[in-house]
Amino acid sequence: MIKSINDKNADFFENVFAVVKLIPKGRVSSYGAIAKYLGSAQSSRMVGWAMNASHKMDGIPAHRVVNRQGLLTGKMHFGSPTLMEEKLKLEGIEVVNDQISNFKTLYWDPSIELNID
DNA sequence: GTCTTGACGTTTA
DNA sequence: CTAAACGCCAAGA
């Protein structure tokens with residue numbers, strides 16, 4: 001469980017990394033969902049920016065994070081434009097034309113799955 | 001120190 | 001219905 005979320009002392013990036021790490025295998029989440037979960041519903045851009053910083057970090061499954069449409073918009077930042085898609089496929093996620101087919105089914109919303117009290 | 005860009009999402013025209 | 005602008009915060013030039 002993420003305890004630092006309520007703590008304003010925690011950095012936005014850390015919160016993003018924490019949530020992304022919590023994404024179950026074979027599931028995907030959206031920048032907006034994470035941003036909203038962190039309290040910055042309209043700051044989805046920052047989530048993407050945080051992901052960019054995750055490049056130098058390990059254990060950040062950024063490939064499980066896509067945009068609201070389920071499109072692999074950030075695939076180009078994985079070193080290879082196909083690396084993200086391949087990784088998702090390895091987890092059993094069906095990707096067609098850089099888009100997740102069963103995105104609606106694989107969608108993982110932190111504010112719902114984590115069940116906040 | 002100021003301006004532009006950015007892995008998005010929502011709202012208005 | 002589609003198209004465009006706005007908002008949000010941060011970092012690079």
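Worth saying up front: this structure is predicted, and the values here are computed from it rather than measured. Letters go in sequence order (proteins before strands), and every chain restarts at 1.
- A:R68 places its CZ atom 20 Å from the P atom of B:dA7, with the value rounded to the nearest Å.
- Spacing between atom CD of A:Q42 and atom P of C:dG7 amounts to 10 Å, rounded to whole angstrom units.
- Residue contacts for A:H55: at a heavy-atom cut-off of 4.0 Å it reaches a base atom on one of the strands shown.
- In this structure, A:M51 atom CE and B:dA7 atom P are separated by 13 Å, rounded to whole Å.
- The CH2-C1' distance, from A:W49 to C:dC9, rounds to 10 Å in whole Å.
- Partner of A:S30 under the side-chain contact (heavy atoms from CB on, under 4.5 Å) criterion, chosen from A:R68, A:Q69, A:K36: A:R68.
- OP1 or OP2 of B:dC8 has at least one side-chain nitrogen or oxygen of A:T73 nearer than 4.0 Å.
- A:L83 contributes atom CG, which lies 11.5 Å from atom NZ of A:K75 (distance to the nearest 0.5 angstrom).
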Verdict with supporting geometry, A:V47 and A:F12, side chain to side chain contact (heavy atoms under 4.5 Å, CB included): CA-CA 8 Å; A:V47 180; A:F12 187 83; 4.1 Å; yes

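- Side-chain atoms of A:R45 and base atoms of C:dC8 include a donor and an acceptor less than 3.5 Å apart.
- For the pair A:H77 NE2 and C:dA11 C1', the computed distance is 14 Å after rounding to whole Å.
- Rounded to whole Å, the distance from CG on A:L88 to P on B:dA7 is 18 Å.
- Looking at heavy-atom distances under 4.0 Å, A:S40 makes no contact with the nucleic acid at all.
- Looking at heavy-atom distances under 4.0 Å, A:A62 makes contact with a base.
- Taking atom CD of residue A:Q69 and atom C1' of nucleotide B:dA7, one finds them 13 Å apart after rounding to whole Å.
- Contact check on A:E85 versus A:K89 returns a salt bridge, with a Lys/Arg side-chain nitrogen under 4.0 Å from an Asp/Glu carboxylate oxygen.
- Distance check on atom P: B:dT4 versus C:dA5 gives 16 Å, rounded to whole Å.
- Whole-Å rounding puts the A:Q99 CD to B:dC8 C1' distance at 16 Å.
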Step-by-step side chain to side chain contact (heavy atoms under 4.5 Å, CB included) determination, A:M84 to A:V95: CA-CA 10 Å; A:M84 186 178 187; A:V95 180; over 6 Å; no

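- Nucleic acid contact for A:N52: base, since at least one base atom lies under 4.0 Å from a heavy atom of the residue.
- Comparing A:S44 and A:F13, the nucleotide of DNA chain C nearest to each residue sits closer to the 5' end for A:S44.
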